[in-house]
Amino acid sequence: MIQMHKVTKAYPNGVTALDDVTVRIQKGSFIFLVGPSGAGKSTLTKLIFREEVPTRGQVLFNGKSVNRMRAREVPFLRRQIGVVFQDFRLLPHKTVFDNIAFAMKVVEASVKKIRYRVPEVLEMVGLATKVNVYPHQLSGGEQQRVCIARAIVNEPLLIIADEPTGNLDPDMAREIMTLMLEINRRGTTVVMATHAREIVDVMRRRVIALEGGRIVRDEEHGSYEQKRGPAR
Amino acid sequence: MIQMHKVTKAYPNGVTALDDVTVRIQKGSFIFLVGPSGAGKSTLTKLIFREEVPTRGQVLFNGKSVNRMRAREVPFLRRQIGVVFQDFRLLPHKTVFDNIAFAMKVVEASVKKIRYRVPEVLEMVGLATKVNVYPHQLSGGEQQRVCIARAIVNEPLLIIADEPTGNLDPDMAREIMTLMLEINRRGTTVVMATHAREIVDVMRRRVIALEGGRIVRDEEHGSYEQKRGPAR
Amino acid sequence: MKFRTLGYFFGEAFRSLGKNSWLSIASIATVAISLLILGSSVMMVLNSQYWVQTLASDLEIAVIMDVDTPAGQVKMVGDKLRNHNLVSEVTFVPKAEALTEMRQKMGDRGDYFRALGDQNPFPDLFRVKAKDPRDMAVLAGEFQGYQRVERVLYGQGVAENLLNLSYWVRIGGLVVMGLMGGAAVFLIATTIRLTVYARRQEVGIMKSVGATNWFIRWPFLLEGMFLGFFGSLVAVSLLFAAYAVACHYIQTALPFVAVRTDPAFLWQIFEVLAAAGVAIGAAGSMISLRKYLHV
Amino acid sequence: MKFRTLGYFFGEAFRSLGKNSWLSIASIATVAISLLILGSSVMMVLNSQYWVQTLASDLEIAVIMDVDTPAGQVKMVGDKLRNHNLVSEVTFVPKAEALTEMRQKMGDRGDYFRALGDQNPFPDLFRVKAKDPRDMAVLAGEFQGYQRVERVLYGQGVAENLLNLSYWVRIGGLVVMGLMGGAAVFLIATTIRLTVYARRQEVGIMKSVGATNWFIRWPFLLEGMFLGFFGSLVAVSLLFAAYAVACHYIQTALPFVAVRTDPAFLWQIFEVLAAAGVAIGAAGSMISLRKYLHV
Ligand SMILES: Nc1ncnc2c1ncn2[C@@H]1O[C@H](COP(=O)(O)OP(=O)(O)OP(=O)(O)O)[C@@H](O)[C@H]1O
Ligand SMILES: Nc1ncnc2c1ncn2[C@@H]1O[C@H](COP(=O)(O)OP(=O)(O)OP(=O)(O)O)[C@@H](O)[C@H]1O
Ligand SMILES: [Mg+2]
Ligand SMILES: [Mg+2]
C-alpha cells in the first residue's frame, strides 16, 4: 500500500529529518513507528499524506506517486487517509460534532449519514457527552480522542496515528488500542507513531524503529526496544 | 505552600470539573496528580496560577488568596510559578531562544543573564542544537521540552507540569524526571499531572488521584493505581 | 457538487458573519465608507456633467440685424432661422425691448441712458438656441452669411469653454473615481485578508483533512460578497439621505444649478454601488485566500 | 521599569513591523489613505477660507459724489476718507476715467456710447477699502452722511454674501474634517484590532507566563504609533505633490483664485497630520488591546 524508496527529507533550515529511508507497508498491516524524540517519526507520516514532500526519493500510495501528484489531487489522497495529528488540529470555532462532521462534509456525505455516524464514533472514543462543546473546553485527552474520532469517521483505507495515546490514561489508552485493532481487523491499514512501550510490547506487531532519521530496526513481531534476551 | 479548601469549579457550560476538593501541598514536596482523562487534573493546576477561578471555595498560595487577588497582582503570582502546559503554549513567532528569553524579560532579567541562562536550560532538556528555530519547526517532544525549559528558567518557587512527558520517549522521560527531582531537591515544589504509570510507580512520591472531579486517593508514598497487594 | 454542499457553504458564511460580529461590522463599515466616497464622487461627476449640459443647452446665439433693416427682411431672416434643422428655438427681440433690457442690465448707472433722450441706438436681434450646443460655432458662421445680419455673437467663447470644462470634469471625475475605487478594493482586500490571516490555521486544518481549495474558498467568498453587499446597502442609504438634503439645499439656495433626482438615476446609482460592493467583497476574499491556500 | 525593558519594547515593535511586512504596509496604506482624505479636506477648507478672505479684502465701497461737485469739496471728502481709522485704502476715480472704464466694461455694445458725443454723464467717485471687510456696512452708512456724496455702493450685498459663504465653508469644512477624522480612526482601529486579533493567542501566552498588561501593551502601542507616523509621512508626501500640481494648475488657469503656498502653512499641515497619524495609531492599538487583555 505504501512504498518509500530512498527517501530523504531535509527541512529548509537544513535539518535532515529522514535520511535514505526505504520501507514498504502492506495493505491491512498494523505498524508501530518508534524512536526517540526528534527521530523523524512524524516527518515520515507527513510524507504519506503529503503534508511534506521529500527532498529526494519516491513515495507511492497505492501505486501512485505522492510527491509527483498534482495539487488538485492532494485532497483526494487525504480523504483516503485518516490522520490523528500529534497536535490534534481541531477547528477552534467548531463544536466537537462539527469538527467531525466537517471531515464528512468534505466528502459530501449526506446529512442523514452525518447525524448517524458522528455520535457513533464519539461513542467509540468515549465522548458521547461532549458533542456540543468547543475544543478549548475539553481536557487534553478529550481533544486527542476527538482527533481520533475524526480520523476514523470516514472509514479510510489508512489510519495514521501520531502519538494517539500521549495524553490518555492507561485504561483509556488500552480502549483506544482495542478500537484500532478492531478497525485494523476490518482491513484498514494502521501506522502508529508512539512512545508507549507497554502497548508496543504487548501487541507484538511490526515495529519500525527510527533514530536520527534512519531506520535502525524493522521487525515483524517487534518490541519497543531492541530485544535483550527473551521478551519480558 | 498551596492550600485548597472546599474548592468547586464548574465551567460556564455546566461541566463540574472539580467538586469540593480540599488539599494541602507542603513547600518542597513532589506531588503526582493522576486520574483518568477528564478527571480534573489540569483544572486543579489552573486554579493555582489563576488561569481559572474557583466557583466556590478558597485557594491560597503562600498564605495569600489566589481567587481574591486583584488583576494587577496576577502577573507577579505567575512569575513565582513555572508551568509546563499540556498544550505547550509557545509563542509561534519567536525562536526557541526568544520563547525562553521572553519569560526572563518579563521579570526584567539582565541581557547578560539571559545570554548565559537560556543556553544552560536548553542544554538541560537536550535541545542545545535547536536554539534558533521556531516552534513549528520542532517535533512534538522537542516543543514539550522547550516548554519545560521555559518553566524552569526563572527558578520559580513552584513548578506545575501538566503531562510533561506525554510526547517523550521513555529515555527522554527518565532524563526529564531526573531533572525535576534535582530541581525539587534544591527546594522547589513540584506538582505534576501525569499518565505515566511507570514513572509514578518508580518514584514513590505523594500521589493525589482524581476521578470525576473528586479526590479519591491521597497517599504519601503512592503508586499510579490503587495498591492491590504489594507493589510490583 | 451536491446541493447539500451549497447549503453548507451558505450556512458557514452566515455562521461566520454572526460569530465574528464585530469583525463583520468593521468590514461592512469599511465597504460602506469606501463606497460612500466612491458614490459621492460618482454623483458629483454625473451631476456636474448634467449641470454643464443644461447650462450649455441654455446657451444661445445672438443674431444682430443692421440697425436700419426693414421689418419685412427681419421677418424673412427669422423664418429662415426657425426652419433651420439644427436650430431648436428662436426668440425675436425687437429694438424697443433691447433698450429696456440694456437699461436693466446697467442697473443704477443705466440712468445715464436718459441722456440719450428718445434715440434708440439698438438693432433688432434674434436669440437662437441650437439643438446640440456643439453645433454653435458652425451655425454662427452660417448665420453670419444671411442678408442684413450685422453680426453674430455667441458668448464669445463661453460655449466652448463650458464644453471644455464638461470634458475636463468628466476626465477628472473618472480619475477620482478610479482612485477611490482602487482605495476601496484595497481597504476591503486588507480587511478580508486580515480575517483570513486570523484564520490561516483553520484553513490549514481544513486542507489537512482533505478539503479542496474551492470547498474552503466558497464560504469565505460568500462571506466577502455578503459583507460587500451589506456595506453597499449602508452606503446607498447614507448617500441618498445626504443627497436628498443636499438637493433640497441646492434647489433653494442655488436655483440655477441643475440636479438629477429622477428615480431611474437613483436606481442606477444603487445598482452600480451594490454590484461594486459585491465585486469588491469577492475580489478581496479571492486575493486574500490565494496566499493561505498553499498549505 | 528598567532601561533594557524599554529597549525590548522598541525591539519588539520593530521586529513585528518587519516580520508582518505586508500587514505593516497595509496598515500604513490605510493610515495614509485616511490622512490623505483628511489632509485634502483640511487644505481645501483652509484654502477656500483664505480665498474668501482675500476676496473679501478686495471688496471696496464706491463713494459717488454729486455730478457737479467742485474739485475742492471732492478733495475734502477724499481727505476725510483717507484719515478714517477703519479705512485701509482710498482710490480716487475722476469723471474722465469713469467714462473710459464704463466703455470698456460695456465691450462691443459700448459702441453705442458714441451716441453720447462729448457729454460725460459720470460723477467723480472714490473706491474705499475697509481694514476689516466686516465693517463695510457701518462705513457705508457713515459715508452716506458726508457732504455732496450722492450715494454709496458696496457690492449690493456681495460682501455680506461672501462673508456668509466663508462662515458656511468653515462649518462645512469642520463637519467634513470631523467625519473623515472619525473614519480614519475607525479604519485604523479596525486594522490594528485585526492584527491584535490575529495575535490574541500570543497575548494569552504572554499573560500566562507572568507578563503585566503594560509589558504586553507597549510593543503593540509603539508599533501602532510607528505605523501611524509612517502612514502620515506617505500621506504628506502624496498630498504635497498633488498640492504642488494643483497650485500650479490653479495659478495659471484661475489666476483670481488665491492659494496658500508659504512653508509655514505646509509645515503646519505636516505637523497636524503627523500628530494625527501617531495619535490615531496609538488610539487604535489601545482600543484593540482592551478586548484581548482580559485573558
Ligand atoms: N518544519 C520543520 N522545519 C525544520 N525542522 C523540522 C521541522 N519539523 C521537524 N523538524 C525537525 O526534524 C526532526 C524530526 O522531527 P519529527 O517531528 O519527525 O520527530 P518525531 O520523531 O516525530 O519526534 P517526537 O517523538 O518528538 O514527535 C527534528 O529534529 C525536528 O526538529
Ligand atoms: N474551559 C472549559 N470549559 C468547559 N469545560 C471544560 C473546560 N476545561 C475543561 N473542561 C472539562 O472539565 C473536565 C476536567 O478537565 P481537565 O482538563 O481538568 O481534565 P484532565 O484531568 O486534565 O484530563 P486529561 O488527562 O485528559 O488532560 C473535563 O470533562 C473537561 O471536558
Ligand atoms: Mg512527532
Ligand atoms: Mg489535562
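Just so it is clear: chains get the letters A, B, ... in the order the sequence lines come, proteins before strands, and each one is counted from 1.
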- Query: Are B/Arg78 and D/Lys207 side-chain neighbours, meaning at least one heavy-atom pair lies under 4.5 Å?
  - Reply: yes
- Item | 4.5 Å side-chain heavy-atom contact, B/Glu108 and D/Tyr8 | no
- CZ (B/Arg150) and CD1 (D/Ile205) are apart, to the nearest 0.5 Å, by 7.0 Å
- Here the gap from B/Lys105 atom NZ to D/Met206 atom CE, rounded to the nearest 0.5 Å, amounts to 10.5 Å
- Write down the atom of B/Arg79, the atom of D/Gly210, and the distance for their closest heavy-atom approach. NE-O, 2.8 Å
- Task: Return the option, out of B/Leu91, B/Leu90, B/Asp98, B/Val111, with the maximum number of heavy-atom pairs under 4.5 Å with chain D.
- Result: B/Leu91
- Between B/Ala151, B/Ala71, B/Gly82, B/Ser110, which has the largest tally of heavy atom pairs under 4.5 Å with chain D? B/Ser110
- Neighbour count above 12 (heavy atom, 6.0 Å) for B/Tyr11 OH: yes
- Task: With a 4.5 angstrom heavy-atom cut-off, could you sort out which part of B/Ala101 is near chain D: side chain, backbone, both or neither?
- Result: neither
